[in-house]
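As structure tokens, the structure follows; a few thoughts come after it.
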Amino acid sequence: MKPTAKQVAHAAGVSVAAVSRAFSPGAPIDGEKKKRILAAAEAIGYVSPARRTANMIAAGTITLVSGDLLNPFYPTVVDTLAQRLQETGRQLIVYALPANADVDLATDQILASRPSAIIVTSAQLTSRMTRACRQHQIKVVLLNRIQRDIRINAVACDNYQGGRDAGRIVLERGNQKIGFMGGIANTSTHAERLRGLRDVLAEAGLSIYAQASGEFDYQRGYRAGETLLSAQNPPDAIFCCNDIMALALIDVARKRGIRVPEDLAVVGFDDIPMASWNAYNLTTIRQPVERMVQEALRIIDDPAVEPDGVTRMLSGVIMRRGSA
């Protein structure tokens, strides 16, 4: 039988009304009396009705932590995840962090909401957050990212193979001066896509012809595109580490009178909705968002998977359009 407020009142030597006030935020009650009531409640395992309701809600809640919702790829992830959770009667809470921030900015808030699991995408997970989640027995899954510095469950597209596929697309066209527009250097998405491109070019006896950083952002990608295309002898093909930078590059090329794909082949990564617009018609590597979300939920729902148990890599799909 669950402990009652009356039992707490008896153990603390107060009235039942005082117990109610102790568990009501902002209610008037002496500080020492409140401490005594809370200690008595913890000792006998009492949970207030409000906390029981919050725990019931949290049991069906998954928190998504994202640091780059301005990138159209991540709203697609949010929408897909929300739909899958709705189908199983669960809820989604989204914490939007500043771009490139780590989750320590919101650790206390996230844990206070007592989610059943946390999915982290486009945000840096710290060892502090990892330890805190393990202490609270909250399973965490990285989505679209792998961090080698901590052991944590992760689901990601095969970024290395995607980089190789992008390189093969332009090599098959006969391009020789192949550039790379990178994202953020300390992310697995940037590092693996770059490594894949380098390896496939090396196999063809080539190296990366030119390189610039667009930091996964349209404005920075636009500036990086101006740098690459203003060179005296610019690349004849560029693999962009995500689609939003590829769209920026196409806009730069259009402004400079450079024809895509005749003068410049452009390949992106993600397959965001705008990639298929007629204005861009972007050749890109599609991330299997639906499958990635399903795998993340399988990890969360499988009690046999440990907090640092698995990394699951899923193949991307080449989307051949008119830019390369």
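- Side-chain atoms of D243 and T284 include a donor-acceptor pair closer than 3.5 Å.
- K177 and N233 form a side-chain donor-acceptor contact under 3.5 Å, judged by distance and modelled atom types alone.
- Side-chain contact, Y222 with D217: no donor N or O sits under 3.5 Å from an acceptor N or O.
- Inter-residue side-chain proximity for K6 and H10 is flagged as unmet; no heavy-atom pair is nearer than 4.5 Å.
- The distance from the OG1 atom of T311 to the CG atom of L142 is 8.5 Å, given to the nearest 0.5 Å.
- In the hydrophobic clustering of ILVMFWY residues, with side-chain heavy atoms under 4.5 Å counting as a link, M313 and I299 come out apart.
- Nearest heavy atoms, C240 versus A246: SG-CA, 3.6 Å.
- In this structure the side chain of D270 never reaches within 4.5 angstrom of the side chain of R286, judged on heavy atoms.
- Between R164 and E203, at least one side-chain nitrogen of the basic residue sits less than 4.0 Å from a carboxylate oxygen of the acidic one, meeting the salt-bridge criterion.
- The side chain to side chain donor-acceptor pair (under 3.5 Å) search around D301 returns R90, not counting sequence neighbours.
- Salt bridge annotation for K33-D30: absent, with no cationic side-chain nitrogen under 4.0 angstrom from a carboxylate oxygen.
- I258 CD1 to I250 CD1: the interatomic distance, rounded to the nearest 0.5 Å, is 12.0 Å.
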Requested in this report: Before giving the answer on salt bridge (charged side-chain N to carboxylate O under 4.0 Å, His left out), spell out for R320 and E172 the whole-Å C-alpha distance, their side-chain angles and the decisive distance to 0.1 Å.
Outcome: CA-CA 12 Å; R320 292 185 183 272; E172 289 169 3; 3.4 Å; yes

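- Following chains of ILVMFWY side-chain contacts shorter than 4.5 Å, one cannot reach I118 starting from I146, and the two form parts of different hydrophobic clusters.
- Distance alone, capped at 3.5 Å, is enough to place a donor-acceptor pair between the Q7 side chain and the T4 backbone.
- Remark: I119 CD1 to I62 CD1 distance equals 5.5 Å, nearest 0.5 Å.
- Not a single donor-acceptor pair under 3.5 Å links the side chain of R198 to the backbone N or O of G163.
- Minimum heavy-atom separation, T227 to S230: O-OG, 3.2 Å.
- By the 4.0 Å N-to-carboxylate-O rule, K255 lies close enough to E226 to be salt-bridged with it.
- Shortest non-hydrogen contact noted between A212 and L228 is CB-CG, 3.9 Å.
- Scanning all heavy atoms of the two residues, the minimum distance from C241 to T189 falls at SG-O, 4.0 Å.
- When hydrophobic clusters are built by joining Ile, Leu, Val, Met, Phe, Trp and Tyr residues whose side-chain heavy atoms come closer than 4.5 Å, directly or via intermediates, V267 is not grouped with M181.
- Taking the ring centre of Y280 as origin, the terminal cationic atom of R321 falls outside the region bounded by 6.0 Å and 45° from the ring axis.
- Hydrophobic clustering (ILVMFWY, side-chain heavy atoms < 4.5 Å, transitive): I238 and I244 are in one cluster.
- The CG atom of L194 lies 9.0 Å from the CZ atom of F239; values are rounded to the nearest 0.5 Å.
- Proximity of a side-chain donor or acceptor of T121 to a complementary backbone N or O of L143 within less than 3.5 Å is detected.
- To the nearest 0.5 angstrom, I285 atom CD1 is 10.0 Å from M319 atom CE.
- Residues Q176 and D236 bring no donor and acceptor atom of their side chains to less than 3.5 Å of each other.
- The side-chain heavy atoms of N144 and V77, taken from C-beta on, include no pair separated by under 4.5 Å.
- Looking at L201 and Y209, their side chains never come closer than 4.5 Å, going by heavy atoms from C-beta outward.
- Put simply, V260 and I169 are part of two different groups of oily side chains (I, L, V, M, F, W, Y) that touch within less than 4.5 Å, one to the next.
- Side chain of S213 to backbone of G183: a donor-acceptor contact under 3.5 angstrom is found.
- Residue R36 comes nearest to V14 through the heavy atom pair NH2-CG1, 3.5 Å, listed as atom of the first residue, atom of the second, then distance.
- A cation-pi contact links R193 to F269, judged by a cut-off of 6.0 Å to the six-membered ring centre and 45° from its axis.
- Between R84 and E87 there is a salt bridge, since at least one side-chain N of the basic residue sits less than 4.0 Å from a carboxylate O of the acidic one.
- For D251 (side chain) and R254 (main-chain N/O), no donor-acceptor pair under 3.5 Å exists by modelled atom type.
- Heavy-atom contacts from other residues, nucleotides or ligands closer than 6.0 Å to CD of Q83 number more than 12.
- Residue S323 comes nearest to V266 through the heavy atom pair OG-O, 2.6 Å, listed as atom of the first residue, atom of the second, then distance.
- Using a 4.5 Å cut-off on side-chain heavy atoms (C-beta onward), L81 and V78 make no contact.
- Once rounded to the nearest 0.5 Å, the distance linking CD1 of I178 with OG of S207 reads 9.5 Å.
- Judged by distance alone, the side chains of Y218 and N71 never bring a donor and an acceptor atom under 3.5 Å apart.
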